[in-house]
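Structure first, then comments.
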Amino acid sequence: MVKRHFVMITVLFGFSIIMVSMIVYNSIFILNPITYGEDYVTPQEWHQYRAPIEVAYYRWSETGGWMDVGVENDMSESRYIIDELKKLKGVEYSQEDYFIPYISRGDEYKVIIRRETGEQEYVNLVQFDFFEKGNLVDLGNNHYLKLSDGLRELLLERIS
């Protein structure tokens, strides 16, 4: 009977350690090293995707270049954006698809998911451009992905 209780307590203790470790890990990192795959969406090593992470939004101005629209310090937003881009990774588009006629595409925006490494120093982890009225993102190096409805809605909310 005592041996049985000891086994149960040991199992519960081990399970508790695993659960606490997962909670701590998820509060520090936005990518899982087991399921992480380095690719053109997430080109950095997995350990780079750790707190503090922020999402910076910029709008292109013909007179002033890239203008700051806002910054979100939300790990779940960073996770969501990366997860959505990774889901869309299989279907790519061309540069011609991205550059829809100038009049109908609206303003151009840039989104940068970055980690602060020092005072006003950052490592860019994920970066892409999109047009307000377009439905594709430009990840650079000829990688164009279609925006999901949820991601498009979030991005338009943040830039307005």
Got a second to check how far [X]'s [atom1] is from [Y]'s [atom2], nearest 0.5 Å?
{"X": "F131", "Y": "L136", "atom1": "CZ", "atom2": "CG", "result": "10.0 Å"}
{"X": "Y40", "Y": "N141", "atom1": "OH", "atom2": "CG", "result": "11.0 Å"}
{"X": "D129", "Y": "Y144", "atom1": "CG", "atom2": "OH", "result": "9.5 Å"}
{"X": "N73", "Y": "S78", "atom1": "CG", "atom2": "OG", "result": "8.5 Å"}
{"X": "I159", "Y": "L154", "atom1": "CD1", "atom2": "CG", "result": "10.0 Å"}
{"X": "L125", "Y": "E54", "atom1": "CG", "atom2": "CD", "result": "10.5 Å"}

Query raised in the report: Apart from Y58 itself, what residues make up its hydrophobic cluster when side-chain heavy atoms of I, L, V, M, F, W and Y under 4.5 Å apart count as a link, directly or indirectly?
Result: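 Taking Ile, Leu, Val, Met, Phe, Trp and Tyr as members, Y58 shares its hydrophobic cluster with W60, W66, I112.
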Requested in this report: List, by chain and number, the other hydrophobic cluster members for V71, where Ile, Leu, Val, Met, Phe, Trp and Tyr join if side-chain heavy atoms come within less than 4.5 Å, directly or indirectly.
Outcome: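 None; V71 is a cluster of one.
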Of all the heavy-atom pairs spanning [X] and [Y], show the shortest one and how long it is.
{"X": "E132", "Y": "L156", "result": "O-CD2, 3.8 Å"}
{"X": "V69", "Y": "R158", "result": "CG1-O, 4.0 Å"}
{"X": "N124", "Y": "Q44", "result": "O-NE2, 3.4 Å"}
{"X": "Y98", "Y": "V137", "result": "CE1-C, 4.1 Å"}
{"X": "R50", "Y": "H47", "result": "NH1-O, 2.7 Å"}

May I ask you to check whether over 12 heavy atoms, not counting those of [X], lie within 6.0 Å of atom [atom1]?
{"X": "E38", "atom1": "CD", "answer": "yes"}
{"X": "E116", "atom1": "CD", "answer": "yes"}
{"X": "D68", "atom1": "CG", "answer": "yes"}

Query - Pairs involving residues 134-152, ordered by first then second residue, that meet salt bridge (Lys or Arg N to Asp or Glu O under 4.0 Å) (sequence neighbours left out) - result: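 Qualifying pairs, neighbours excluded: none.
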Query raised in the report: Can you check whether Q48's main-chain N or O pairs, donor with acceptor, with R115's side chain at less than 3.5 Å?
Result: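 Yes; at least one donor-acceptor contact below 3.5 Å.
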Query raised in the report: For the side-chain contact (heavy atoms from CB on, under 4.5 Å) test, which of I113, L147, D39, L139 pairs with L85?
Result: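 When side-chain contact (heavy atoms from CB on, under 4.5 Å) is applied between L85 and each of I113, L147, D39, L139, only L139 qualifies.
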Requested in this report: Kindly work out whether a path of hydrophobic side-chain contacts (I/L/V/M/F/W/Y, heavy atoms less than 4.5 Å apart) joins V123 to I81.
Outcome: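 The answer is yes; both residues are in one hydrophobic cluster.
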Report task. Evaluate side chain to side chain contact (heavy atoms under 4.5 Å, CB included) for Y109 paired with L155, printing each intermediate quantity in order. Result -> CA-CA 9 Å; Y109 292 91; L155 296 175; over 6 Å; no
